[in-house]
Amino acid sequence: MNTNQFEELVRSALNNIPQGIREQLQNIDIIVEDVPKQDQLGGIEIDNENLLLGLYEGIPITLRDDYSMVLPDKITLFKEEIEKICDTEEEIVEEIQKTVIHEVAHHFGIDDTSLDTLGI
Ligand SMILES: [Zn+2]
């Protein structure tokens with residue numbers, strides 16, 4: 001799949017998010033990269049069982065007390081990592097949707113532990 005097709009899927013995944021939630025997204029960019037950069041991996045342990053499919057970088061809106069003149073939040077989806085765990089285009093569509101919802105949840109201040117509990 002080429003990057004344009006992938007980005008198109010990301011856009012529709014975003015459009016599938018209920019409008020009420022979408023309208024709450026504030027100052028956020030969603031981009032596609034092939035693979036994570038070294039500094040994006042940080043301390044995260046990556047192996048074939050545990051790829052980094054997406055990443056949220058920014059200040060969750062729940063923590064924005066004094067929020068001005070800051071860079072937008074950034075959600076990155078890693079195309080090659082998502083493709084690695086998917087056999088079909090349907091699986092890619094599903095995985096993009098799951099990843100977008102997961103990272104958007106971080107934007108709203110929900111941490112991985114809570115998301116794990118919710119199965120998201
Ligand atoms: Zn997460």
Side-chain angles (χ1 to χ4, degrees):
M1 176 177 299
N2 67 39
T3 304
N4 280 343
Q5 287 171 301
F6 194 91
E7 282 174 347
E8 193 53 50
L9 294 178
V10 171
R11 263 191 297 277
S12 33
L14 207 55
N15 282 329
N16 287 337
I17 292 176
Q19 192 183 2
I21 294 175
R22 233 180 320 132
E23 283 169 354
Q24 302 297 315
L25 296 173
Q26 291 163 23
N27 201 21
I28 185 165
D29 284 342
I30 301 188
I31 64 165
V32 173
E33 301 273 7
D34 287 336
V35 290
K37 294 195 203 71
Q38 200 54 46
D39 69 319
Q40 288 179 312
L41 291 174
I44 310 167
E45 216 43 75
I46 300 296
D47 54 41
N48 281 335
E49 310 278 278
N50 194 11
L51 296 167
L52 187 65
L53 306 179
L55 184 66
Y56 167 77
E57 295 166 288
I59 304 167
I61 52 180
T62 46
L63 300 177
R64 292 180 182 182
D65 278 348
D66 181 18
Y67 184 80
S68 58
M69 306 293 288
V70 296
L71 288 171
D73 278 15
K74 188 168 81 170
I75 288 175
T76 312
L77 274 83
F78 300 108
K79 177 173 180 287
E80 288 182 12
E81 311 292 86
I82 289 174
E83 286 172 340
K84 244 183 252 177
I85 62 162
C86 296
D87 295 323
T88 62
E89 193 169 321
E90 287 74 48
E91 283 178 30
I92 293 179
V93 170
E94 237 172 78
E95 209 52 60
I96 289 175
Q97 187 70 67
K98 262 167 56 184
T99 307
V100 165
I101 290 171
H102 180 101
E103 305 308 336
V104 163
H106 283 323
H107 172 74
F108 290 109
I110 305 172
D111 64 19
D112 279 315
T113 314
S114 313
L115 287 173
D116 259 357
T117 313
L118 295 168
I120 298 171

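Listed by first and then second residue, the salt bridge (charged side-chain N to carboxylate O under 4.0 Å, His left out) pairs involving residues 2-21 are Glu8-Arg11 (not counting sequence neighbours). Judged as a ring-ring contact (aromatic ring centres under 6.0 Å, His included), the pairs with a partner in residues 74-103 (not counting sequence neighbours) are, in order, His102-His106. For residues 111-120, no residue pair satisfies the salt bridge (charged side-chain N to carboxylate O under 4.0 Å, His left out) rule, not counting sequence neighbours. Within the structure, salt bridge (charged side-chain N to carboxylate O under 4.0 Å, His left out) pairs that include any residue of residues 93-107 comprise Glu95-Lys98 (at least two apart or interchain).
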Identify each donor-acceptor pair in which a side-chain atom of residues 55-63 lies under 3.5 Å from a protein atom, sequence neighbours left out, and give them as a table.
from	atom 1	to	atom 2	distance (Å)
Tyr56	OH	Ile59	N	3.4
Tyr56	OH	Ile59	O	3.4
Tyr56	OH	Asp73	OD2	2.4
Glu57	OE1	Gln40	NE2	3.4

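Contact detail for Arg64 and His107: the closest heavy-atom pair is NH2-CE1, 3.6 Å. When every heavy atom of Leu115 is checked against every heavy atom of Ala105, the shortest pair comes out as CD2-CB, 3.6 Å. Of all non-hydrogen atoms in Gly54 and Thr99, the two that sit nearest each other are CA-CG2, 3.7 Å. Counting all heavy atoms, side chain and backbone alike, Thr113 lies closest to Thr117 at O-OG1, 2.8 Å.
Partners of Asn27 according to the side chain to side chain donor-acceptor pair (under 3.5 Å) rule, which considers only residues two or more places apart in sequence or in another chain, are Tyr67. Under the side-chain contact (heavy atoms from CB on, under 4.5 Å) criterion, Val35 pairs with Glu80, Glu81, sequence neighbours left out. A search for side-chain contact (heavy atoms from CB on, under 4.5 Å) contacts involving Gln19 returns Arg22, Glu23, not counting sequence neighbours. Applying the side-chain contact (heavy atoms from CB on, under 4.5 Å) criterion to Asn2, with sequence neighbours excluded, gives Asn4, Gln5.
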* Decide side-chain contact (heavy atoms from CB on, under 4.5 Å) for Asn16 and Val100; before the verdict, give the C-alpha distance in whole Å, the side-chain angles of both, and the deciding distance to 0.1 Å. => CA-CA 10 Å; Asn16 287 337; Val100 165; over 6 Å; no
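No more than 12 heavy atoms of other residues, nucleotides or ligands sit less than 6.0 Å from atom CG of Leu71.
Rounding to the nearest 0.5 Å gives a distance of 3.5 Å between CD1 of Ile75 and CD1 of Ile28. Here Leu9 contributes atom CG and Ile82 contributes atom CD1; the two are 10.0 Å apart, rounded to the nearest 0.5 Å. We find the CD-CE distance between Glu89 and Met1 to be 4.0 Å, quoted to the nearest 0.5 Å. With rounding to the nearest 0.5 angstrom, the CG atom of Leu14 is 10.0 Å from the CD1 atom of Ile101.
When hydrophobic clusters are built by joining Ile, Leu, Val, Met, Phe, Trp and Tyr residues whose side-chain heavy atoms come closer than 4.5 Å, directly or via intermediates, Ile21 is grouped together with Leu77.
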